[in-house]
Amino acid sequence: MATVEPKLVSSPVIKRYNGGEPVLSKKDIPYKADCIFNAGVTKYNGRYVMVFRNDYDPDPETQFMHNRELGVAYSADGKHWEVEKKPFLTADMMHDDDVVFVYDPRLTVIDGVCYLCFAVDTKHGVCGGIARTDDFEHITVLSRSAPDNRNMVLFPEKAGGKYWRLERPFPVYSRGGIDRFDIWSSASPDLRYWGDTSLTLAVEQVPYSNDKIGPAAPPVRTKKGWLTVFHAVDIDRTRGKNGWEAKWQKRYCAGVALLDLDNPSKVIGLSREPLIAPETDYEVNGGFRNNVIFPGGLIVEPDGEAKIYYGASDTVECLASAHIDDLVNLCKPL
Ligand code: BMA
């Protein structure tokens, strides 16, 4: 595995909204909240909708967060958000004693219906859940993967006659007992039964990762292919305290890739450099886990502006943008 540069920088095509100030943080939440991050964002019924992760109640000694749940916020412009009065989804609402936490939501609208992908920690492993919601008050769970799998994202339309998802299984035993996790894809006739699973992008293909990669924001269609943003992690064992915990040795960057329009399991373009690397104060200082950029939403506006929503340092939710053509042009053939 390649040695990763100690210093990584964001692509010049990226502009951070408001100098990197968060669009949503704990102060905006009308109920108990500590860290607000890793949101899924989409446009639904004429407004922007965000489903965000809320971790709260850190253990005073270990800083382990005793609670995790999902909340909802709405916006008219994608920048100023109003948060609903109560949480959207908690582990209790899953009505399954095995479920411990729900987190890391992603949203995709397919044929006018909003789907939610989310991670489900259970007493018997981590699963990827897929649910639908019509009102952001009730959800119907359509499928839950076998463990361990998460970071699922749905494509917004069928390709080659099938629904598609990207996903990130994490098979520790067969990969030497350490993180070496890749992006896979699966297809489905009905969003419930998944198969045709294949490897899409491997960690060693990403020069700024030596640990693991995973799907981030759900892909968007462009003329040249499905544009998708992923996260890429490098680890450096010499890193020490980098947040609230005793040590945090990983760094998360955003990357960008282009997938074949008819066969989205195939990568046709990849940027060899990070799209967003941790740089601003919110990204590198004072967060729960510093140096984490974790995108979960990508919205392309009619004028070509691509809004990229990302969790910063597992603590706040931020927004960056770039022109969609610039993102596509960063993706060079493999
Ligand atoms: C991953 C996930 C993400 C989180 C990241 C950094 O394993 O839990 O939700 O942002 O770690 O802590």
Side-chain angles (χ1 to χ4, degrees), residues 9-20 23 39-44 46-50 75-79 106-112 114-115 117 151 153-159 164-166 183 185 200-201 206 208 213-232 253-277 279 293-312 317-334:
V9 294
S10 303
S11 163
V13 307
I14 286 289
K15 287 191 193 65
R16 283 172 171 85
Y17 172 67
N18 227 352
V23 286
V41 187
T42 193
K43 267 186 185 169
Y44 186 62
R47 55 184 174 169
Y48 296 78
V49 189
M50 176 189 287
S75 170
D77 62 3
K79 295 168 184 162
R106 270 73 164 218
L107 299 174
T108 304
V109 176
I110 309 175
D111 294 333
C114 193
Y115 294 91
C117 294
N151 292 308
V153 297
L154 292 174
F155 287 69
E157 53 188 277
K158 285 182 173 174
W164 287 87
R165 74 182 184 198
L166 299 174
I183 297 176
S185 50
T200 292
L201 185 66
V206 179
Y208 48 92
I213 58 172
V220 295
R221 177 187 268 281
T222 72
K223 283 196 195 83
K224 299 212 170 139
W226 293 104
L227 192 284
T228 196
V229 172
F230 59 90
H231 65 254
C253 291
V256 62
L258 208 54
L259 312 175
D260 186 89
L261 280 177
D262 297 320
N263 176 11
S265 67
K266 193 172 153 222
V267 177
I268 54 173
L270 175 71
S271 171
R272 301 327 196 252
E273 284 166 359
L275 180 65
I276 310 176
E279 283 163 318
I293 302 285
F294 199 91
L298 171 60
I299 294 178
V300 184
E301 304 293 1
D303 66 358
E305 181 204 33
K307 290 191 169 80
I308 303 165
Y309 294 87
Y310 62 97
E317 186 67 21
C318 293
L319 168 63
S321 65
H323 197 282
I324 186 72
D325 295 345
D326 290 336
L327 295 179
V328 170
N329 289 336
L330 289 173
C331 300
K332 306 293 182 218
L334 278 187

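Note that these values count all heavy atoms, side chains included, but never hydrogens, waters or copies made by symmetry. Starting from 1, each residue takes its place in the sequence as its number.
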Between CG of L166 and CG of N151, what distance do you get to the nearest 0.5 Å?
10.5 Å

Counting distance only, does the side-chain N/O of [X] pair as donor-acceptor with the main-chain N or O of [Y] below 3.5 Å?
{"X": "S10", "Y": "A277", "value": "yes"}
{"X": "Y309", "Y": "G78", "value": "yes"}
{"X": "W226", "Y": "V220", "value": "no"}
{"X": "W164", "Y": "P264", "value": "no"}

How about K15: does its NZ atom have over 12 heavy atoms from other parts shown lying under 6.0 Å from it?
no

Does E273, at its CD atom, have more than 12 non-hydrogen atoms belonging to other residues, nucleotides or ligands within less than 6.0 Å?
no

Which salt bridge (charged side-chain N to carboxylate O under 4.0 Å, His left out) pairs, counting each pair once, include a residue from residues 213-225, with sequence neighbours left out?
E157-R221

Restricting to side-chain contact (heavy atoms from CB on, under 4.5 Å), what partner residues turn up for [X], sequence neighbours left out?
{"X": "S75", "value": "Y48, D77, W81"}
{"X": "C117", "value": "R106, I130, M152, L154"}
{"X": "R272", "value": "P207, L270, K332, L334"}

Pairs under 3.5 angstrom only: tabulate donor-acceptor contacts from the side chains of residues 318-327 to other protein residues two or more places apart or in another chain.
| unit_1 | atom_1 | unit_2 | atom_2 | d |
| --- | --- | --- | --- | --- |
| H323 | ND1 | D325 | N | 3.0 |
| H323 | NE2 | D303 | O | 3.4 |

By the side chain to side chain donor-acceptor pair (under 3.5 Å) test, which pairs, at least two apart or in different chains, include something from residues 253-268?
N263-S265

Can you see which heavy atom on V267 is nearest to which on T200, and at what distance?
CG2-O, 3.3 Å

